[in-house]
Participant: 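My structure is below; once you've seen it, I'll send some questions.
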Protein chains: 2
Amino acid sequence: MFSKACEHGIRAMIYIATQSTAGRRVKLGDIARHSGSPEAFTAKVLGALSKAGLLESLKGPAGGFGIDNAAKISLKSIVQAIDGDRLFKGCALGLLECDASKPCPMHHKFGAMRDGLNDMLESTHLEELATGLKSGASFLLR
Amino acid sequence: MFSKACEHGIRAMIYIATQSTAGRRVKLGDIARHSGSPEAFTAKVLGALSKAGLLESLKGPAGGFGIDNAAKISLKSIVQAIDGDRLFKGCALGLLECDASKPCPMHHKFGAMRDGLNDMLESTHLEELATGLKSGASFLLR
DNA sequence: TTAATTTAGGATAATTTTGTCCGAAATAAA
DNA sequence: TTTATTTCGGACAAAATTATCCTAAATTAA
């Protein structure tokens, strides 16, 4: 469903969100450890998320990554920043073009499902996921 | 969402279904041409589907591939034969284990969406897709 | 039996994705 | 200023996926 890069990215973002009270920064090593992702690869993904404006980063001692508006960051924005639009706009059967006027055989059946995915990702924000994680209702490492 | 192999496989199966009246066989070259897939790679995928019992194949002149129960072949059975269970059982965030008793932060939100996907793939059968294609309501090449 | 046709399957190649390594740049503190 | 720390970014490596090639095996027909 999501690429590995995206899975790493989402997990990292959720962890960062749990730690980002009052502009506090989290270091890459911490993030990788607590989100179960390889450090160097996570750095790449966080770079993309930072470039997309979903994350603040600062170099040097006392530097690190931080999120200050977790309530406004949707899962969709993260997925889009990493995996692009393929999940939201691409044809289920891989046709280069596919729309209601000249649909692939799965187009209509797929549409409803995709709308559901889209709604879910748009309406889910980092803050609620971070809250669940902090409260012990959910987990990042298994 | 689906792997390329799976996209090729579904397209090929739909085309074969449109041609499979009364035990008629379709040749690989035909299938590849009409479903817009690379021939040799499609051969691999069809091999897997044949091994899974979703498809009959016969060697030699007058040989080829055929489907005789398109009404009973669901999209899900095709996806499972090629991509396995990852889409239906894997954790959205890539955790090795993830269930309601110790869920990842996305587990519950993801569940509803996945159920929708599962239902759609289970309730959609080759026959109806082939019918749509034959009638000109949908297309395989673009 | 021989020849032609067609799938099966293994080896190999190309591409993409995933992941690592390392030096440069920035920043803060001593 | 120097040193330590940390992200940034490019090059590189490994693994998975996608795709091709070629020979063998099966089957049909001449």
Side-chain angles (χ1 to χ4, degrees), chain A residues 1-13 16 19-20 23-33 35-67 79 81-84 86-87 90 93-94, chain B residues 1-13 16 19-20 23-33 35-67 79 81-84 86-87 90 93-94:
Chain A
M1 174 79 64
F2 307 121
S3 68
K4 288 288 173 194
C6 200
E7 292 176 358
H8 294 324
I10 296 173
R11 293 203 310 274
M13 289 292 278
I16 298 169
Q19 304 297 311
S20 283
R24 186 167 158 236
R25 309 280 177 179
V26 204
K27 283 186 265 298
L28 177 61
D30 264 358
I31 297 166
R33 211 169 317 114
S35 66
S37 296
E39 191 169 316
F41 191 49
T42 302
K44 299 289 187 197
V45 178
L46 292 183
L49 291 169
S50 170
K51 191 172 283 183
L54 301 178
L55 188 65
E56 285 74 51
S57 75
L58 205 67
K59 292 178 185 176
F65 297 89
I67 294 171
V79 173
I82 302 173
D83 281 351
R86 89 182 150 75
L87 197 55
L93 294 186
Chain B
M1 173 79 62
F2 307 119
S3 68
K4 287 289 174 194
C6 200
E7 293 175 357
H8 293 325
I10 296 173
R11 292 204 310 275
M13 288 292 277
I16 297 169
Q19 304 298 310
S20 283
R24 186 167 159 237
R25 309 279 177 180
V26 205
K27 283 187 265 298
L28 177 61
D30 264 358
I31 297 167
R33 210 169 317 115
S35 66
S37 297
E39 192 170 313
F41 191 50
T42 302
K44 299 288 187 198
V45 177
L46 292 182
L49 291 169
S50 169
K51 191 172 282 182
L54 301 178
L55 188 62
E56 286 74 51
S57 77
L58 205 68
K59 293 179 184 175
F65 297 89
I67 295 172
V79 173
I82 303 174
D83 282 352
R86 89 182 150 76
L87 197 54
L93 294 185

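Lettering of chains follows the sequences in order, A, B, ..., and the numbering in each one begins at 1.
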Participant: Between P on D:dT17 and NE2 on B:His8, what's the gap in Å once rounded to a whole number?
Facilitator: 14 Å

Participant: I need the single residue from A:Ile67, A:Leu49, A:Ile82 that forms a side chain to side chain contact (heavy atoms under 4.5 Å, CB included) with A:Leu54. Which is it?
Facilitator: A:Leu49

Participant: Send over the distance from A:Asp30 CG to D:dT6 P, rounded to a whole Å.
Facilitator: 9 Å

Participant: Would you compute the distance between atom NE2 of A:His8 and atom CG of A:Leu46 and round it to the nearest 0.5 angstrom?
Facilitator: 11.0 Å

Participant: How does DNA chain D look in dot-bracket form if you count Watson-Crick and G-U pairs under 3.5 Å, write [ ] for pairs that cross, and put | where a base pairs with another strand?
Facilitator: ||||||||||||||||||||||||||||||

Participant: Scan B:Gly64 against the nucleic acid and name what it touches under 4.0 Å (heavy atoms): base, sugar-phosphate only, or nothing.
Facilitator: sugar-phosphate

Participant: Report yes or no: does B:Asp83 contribute a side-chain atom to a donor-acceptor pair with the main-chain N or O of B:Ser3 at less than 3.5 Å?
Facilitator: yes

Participant: Can you tell me which nucleotide in C:dT6, C:dG19, D:dT7 comes closest to the side chain of A:Phe41?
Facilitator: C:dG19

Participant: Tell me: CG of B:Leu46 to C1' of D:dT20, nearest whole Å?
Facilitator: 16 Å

Participant: Counting only side-chain heavy atoms from C-beta out, which of C:dA8, C:dT18, D:dT6 sits nearest to B:Ser50?
Facilitator: C:dA8

Participant: Just how far, in rounded Å, is C1' of C:dT17 from CZ of A:Phe2?
Facilitator: 17 Å

Participant: Provide a list of protein-nucleic acid N or O atom pairs under 3.5 angstrom, restricted to nucleotides 9-14 of chain C.
Facilitator:
{"from": "C:dG10", "atom 1": "N7", "to": "B:Lys44", "atom 2": "NZ", "distance (Å)": "2.9"}
{"from": "C:dG10", "atom 1": "O6", "to": "B:Lys44", "atom 2": "NZ", "distance (Å)": "2.6"}

Participant: Nearest-Å distance, CD (B:Glu39) to C1' (D:dA19)?
Facilitator: 12 Å

Participant: Take atom CZ of A:Arg25 and atom P of C:dT27, then tell me their distance rounded to the nearest Å.
Facilitator: 11 Å

Participant: Rounding to an integer number of Å, can you tell me how far B:Ile82 CD1 sits from D:dT18 P?
Facilitator: 11 Å

Participant: For B:Lys4 and D:dT17, is the shortest distance between a side-chain N/O and OP1 or OP2 below 4.0 Å?
Facilitator: no

Participant: Enumerate the protein-to-nucleotides 25-30 of chain D contacts in which both atoms are nitrogen or oxygen and the separation is below 3.5 Å.
Facilitator:
none

Participant: Between A:Ser57 and D:dC8, is there a contact of a side-chain N or O with OP1 or OP2 at under 4.0 Å?
Facilitator: yes

Participant: Please work out if A:Leu28 contacts a base, only the sugar-phosphate, or nothing of the nucleic acid, heavy-atom cut-off 4.0 Å.
Facilitator: sugar-phosphate

Participant: Is any side-chain heavy atom of A:Cys6 closer than 4.5 Å to a side-chain heavy atom of A:Met1?
Facilitator: no

